[in-house]
Amino acid sequence: MSQAEVIDGKAFAAGLRERVGIAAAAFAAKAGRKAGLAVVLVGEDPASQVYVRNKGKQTVEAGMASFEHKLPADTTQADLIALVERLNADPAVDGILVQLPLPGHLDEQAVVERISPSKDVDGLTPTSTGRLALGLPGLVPCTPLGCLMLLKDKLGSLSGKDAVVIGRSILVGKPMAQLLLGESCTVTIAHSRTQNLPDVVRRADIVVAAVGRPEMVKADWIKPGATVIDVGINRVPAAEEGKTRLVGDVDYAGASAVAGAITPVPGGVGPMTIAVLLRNTLVAAHRNAGVALEDQAL
Ligand code: GUN
């Protein structure tokens, strides 16, 4: 049996960060200031702390200003909203990302809705999601936009392809479906209540798995030659006592023997999220400063 081509998201993300770095230097020269990204972390969730640290490091490496706001887990809704409003008003800040999930006592939607749409680099405000649904230009959530970039790089035109998105989250599933529809795919959104999920997935030329269940998508669900994008990052016990390893939502070893192309975990979709976040911040910076963005390849 032939082996699927491995889609190297790590290399694609490195190339995107390099292009962003070049465009960020040109922006700073024209605008007289660096593009700036503010990240807000509430509480001490270990995975979120790792993401936020990586975001800050890669923002600086790309030649942009990074503003990190770490707030205690018992921060009130009013204090968090007050910070968002300060960042909305700060001319050095082009993008605002409030790391999710927030501690349970905070109302995520109410906080996100206070982010100025011009600084919504996560693409989560009603304005951004509405514009995406309408097919208007705007800021799009980072992970699904990264998945789309990988798909277009691999397949070229996606027009007319059958795409199945597994998962309906606001961060990935729903915006992913909108993006694929925008590329003229025939889109199905599958989720935990979907009946006969294996049969639904078997129809797909493109499978995007974003459910957060380790290795749920099996080899015999995959249409031969399909392109498989695995958004899952699940930590599971490793063979060696006391160790863990990362796996996706797809049974990678099995699916690789059937698919035409597949993203690995780690090294597939994961590195794309921050690279696209930097790209979105730079796009927002150009709009906020009234400077034309010359590199259309971003
Ligand atoms: N938590 C995990 N991924 C993301 C993301 O892309 N944006 C935000 N705000 N929180 C996240």
Side-chain angles (χ1 to χ4, degrees), residues 9 13 16-17 20 37-59 66-71 73 75 80-81 83-84 87-88 93-104 106-117 119-129 132 138-150 165 167-176 178-179 208-213 229-235 246 248-249 263 265-266 268-284:
L16 178 56
R17 287 199 305 273
V20 168
L37 172 64
V39 175
V40 180
L41 174 62
V42 184
E44 273 150 31
D45 177 66
S48 291
Q49 284 179 324
V50 173
Y51 288 140
V52 168
R53 204 178 316 130
N54 286 336
K55 280 172 196 161
K57 188 166 161 272
Q58 294 185 27
T59 303
S66 169
F67 307 99
E68 274 180 29
H69 294 269
K70 294 188 177 158
L71 305 181
T75 297
L80 181 54
I81 286 177
L83 172 59
V84 169
L87 297 171
N88 283 340
V93 172
D94 295 294
I96 302 169
L97 181 142
V98 177
Q99 182 69 26
L100 303 177
L102 289 171
L106 295 169
D107 179 345
E108 279 181 4
Q109 193 56 37
V111 172
V112 166
E113 284 187 22
R114 298 300 278 268
I115 296 171
S116 165
K119 300 190 178 188
D120 179 23
V121 286
D122 242 351
L124 296 179
T125 62
T127 298
S128 300
T129 51
L132 178 60
L139 293 163
V140 174
C142 304
T143 303
L145 183 53
C147 293
L148 187 74
M149 288 177 180
L150 295 178
V165 179
R168 54 175 156 177
S169 70
I170 56 162
L171 268 173
V172 184
K174 284 186 191 174
M176 186 77 244
Q178 292 288 4
L179 286 170
V208 180
V211 269
R213 283 167 166 260
I229 303 291
D230 190 349
V231 183
I233 301 178
N234 308 291
R235 199 165 276 287
L246 290 181
D249 291 346
T263 57
V265 177
V269 172
M272 292 298 292
T273 300
I274 296 179
V276 175
L277 176 66
L278 302 179
R279 177 257 178 214
N280 281 357
T281 302
L282 198 63
V283 169

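The model shown is predicted, which means the values in this text are computed figures rather than measured ones. For ligands, and for the atoms within them, numbers begin at 1 and follow the listed sequence. Numbering of residues begins at 1 and proceeds along the displayed sequence.
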(message) What does the 4.0 Å heavy-atom contact list look like for ligand 1?
(response) Leu97, Val98, Gln99, Leu100, Asp122, Leu171

(message) Does any part of the side chain of Leu37, heavy atoms only, come nearer than 4.5 Å to the side chain of Asp94, both counted from C-beta?
(response) no

(message) Are the side chains of Thr125 and Glu113 in contact, using a 4.5 Å heavy-atom criterion?
(response)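 With C-beta onward as the side chain, the pair stays apart.
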
(message) Checking Asp120 against Ser128: is there a side-chain donor and acceptor pair closer than 3.5 Å?
(response) yes

(message) We want to know whether Lys70 and Gln49 form a side-chain donor-acceptor pair, criterion being a heavy-atom distance below 3.5 angstrom.
(response)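 Not at all, the side chains of Lys70 and Gln49 share no donor-acceptor pair under 3.5 Å.
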
(message) For a quick test of reading the model, state the closest non-hydrogen atom pair linking Leu148 to Met176 and the distance between them.
(response) N-CE, 4.1 Å

(request) For the pair Asn280 (side chain) and Val140 (backbone), establish whether a donor and an acceptor sit closer than 3.5 Å, ignoring hydrogens and angles. (result) yes

